[in-house]
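One structure is given below, encoded as structure tokens.
Every chain is numbered from 1 and lettered A, B, ... according to where its sequence line falls, protein lines coming before strand lines.
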Amino acid sequence: MPELPEVETVRRGLAEHIIGKKFKDIEVRHHRATSPKSIAALTSLKGARVVEVSRRGKFLWLNLDRPEVLVGHLGMSGQLLIQPKSAADERHLRVRIDLGKHELRFIDQRTFGWLSVEESKGGFPTCVQRIAPDPFDAEFNLAETISRFAKKKTEIKRALLDQSVMSGVGNIYADEALWRSKIHPETRTENMRSTKIQNLIESATEVMSQALKVGGTSFDDLYVNVNGESGYFERFLAVYGQEGEGCLRCGGQIRRITFANRSSHFCPKCQPTPRAKRNH
DNA sequence: ACTAGCACCTGATCGC
DNA sequence: TGCGATCAGGTGCTAG
């Protein structure tokens, strides 16, 4: 559920609250919250101190005063909350880390999220090595990113969701970026000029940047920042979840289609169905 | 090497 | 009221 703006909102909140704090105790309350192997690895971080909170795409990690890093992914429904010790346990509380006066809690209804302990090479944890830079990354290179999109042989929406091409974009911001660039989600990447790909990358960057300014998108309390507060970007969504509504640009009726096992929302009038590629 | 499809979960909502 | 189908912000494995 959380995409780059939501994960970055969480990262900033964590950085504010836990840098310099020590893990006094670690309790794993659900077997799926870590891989079976890393339950022991996770509890072995007792005594570690947090040095820095980092992110690439939707992956978050805590650098510690030891070589290993604590990596986290929120999946579809994960939350990381800073709570007073006295706060009642949340229904889907999966991991509790005692920081002294407060606790860092990992809460996750659908259990697609996880925490794990990993080695770090070149500044990135093992599982993040295959994740491409996101548009806000110091290592982000526009030309290389365009080139990776151009090499794909698939629909553009699938490529936008492929975290090894460019990271950070999920289903909401993919639909919003495609709408802003007037591109139909099923357009074949083979049929897109690099200027159009660049335009799409810029739209994705712009929409995620605007969402970040208001703390991300929350439809319900399944996504909140570390203080439990919701983001406000839902008010600004042009197509996501707007099936049947009028397009803000042309008044056309927003449609929802299903492909790649997910919903795609778009305006059929300003994002027309792509013409099949001609064979000569 | 690459892509498509589905599995992994819990819970809310909608139509019958 | 109940029950099945469908939907939900993501990733990872595997068959082809």
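What separates CD of A/Q79 from P of B/dG11 is a distance of 14 Å, to the nearest Å. One atom, CD1 of A/I107, and another, P of B/dG11, lie 14 Å apart when rounded to the nearest Å. Per the geometry, CH2 belonging to A/W114 stands 10 Å off P belonging to C/dT11, to the nearest Å. Following rounding to the nearest Å, A/I156 (CD1) and B/dT3 (C1') show an atom-to-atom distance of 15 Å. Whole-Å rounding puts the A/L161 CG to B/dA4 P distance at 12 Å.
Regarding contacts with the backbone of B/dA4, a side-chain N or O of A/R158 is found under 4.0 angstrom from either OP1 or OP2. Note on A/Q163: a side-chain N or O is less than 4.0 Å away from OP1 or OP2 of C/dT11. Considering only side-chain N and O atoms, A/H92 lies nowhere under 4.0 angstrom from the phosphate OP1 or OP2 of B/dT10. Considering only side-chain N and O atoms, A/K152 lies nowhere under 4.0 angstrom from the phosphate OP1 or OP2 of B/dC2. Contact annotation: A/R130 side-chain N/O to C/dT11 OP1/OP2 distance is not under 4.0 Å.
Taking a pair to require two hydrogen-bonding distances under 3.5 Å in either a Watson-Crick or a G-U wobble arrangement, C/dC3 pairs with B/dG15.
Distances were taken from every side-chain heavy atom of A/Q109 (C-beta onward) to each of B/dT10, C/dG9, B/dG5; the shortest belongs to B/dT10. Distances were taken from every side-chain heavy atom of A/R32 (C-beta onward) to each of B/dC8, B/dA4, C/dG9; the shortest belongs to B/dC8.
Residue-level contact check: A/R94 touches neither bases nor backbone, having no heavy atom under 4.0 Å from any strand.
If you check distances only, the side chain of A/R262 never reaches the base of C/dA8 with a donor-acceptor pair under 3.5 Å.
A salt bridge between A/E155 and A/K157 is absent, with no side-chain N of the basic residue lying under 4.0 Å from a carboxylate O of the acidic one. Looking at A/K152 and A/D162, a side-chain N of the basic residue comes within less than 4.0 Å of a carboxylate O on the acidic one, giving a salt bridge. Under the 4.0 Å criterion applied to side-chain N and carboxylate O atoms, A/R55 and A/E8 are assigned as salt-bridge partners.
When each of A/D162 and A/N261 is assigned the nucleotide of DNA chain B with its nearest heavy atom, A/D162 is the one assigned upstream, toward the 5' end. Projected onto DNA chain C by closest heavy-atom contact, A/S263 and A/H73 fall at different nucleotides, the more 5' of which corresponds to A/S263.
For A/H92 and A/D108, the side-chain atoms include no donor-acceptor pair closer than 3.5 Å.
Annotation: C/dT14 and B/dC9 have their P atoms spaced 15 Å apart (nearest Å). To the nearest whole angstrom, the two P atoms, one in B/dT3 and one in C/dG9, are 23 Å apart.
For the pair A/R249 and A/W179, the cation-pi test (distance below 6.0 Å, angle within 45°) is passed.
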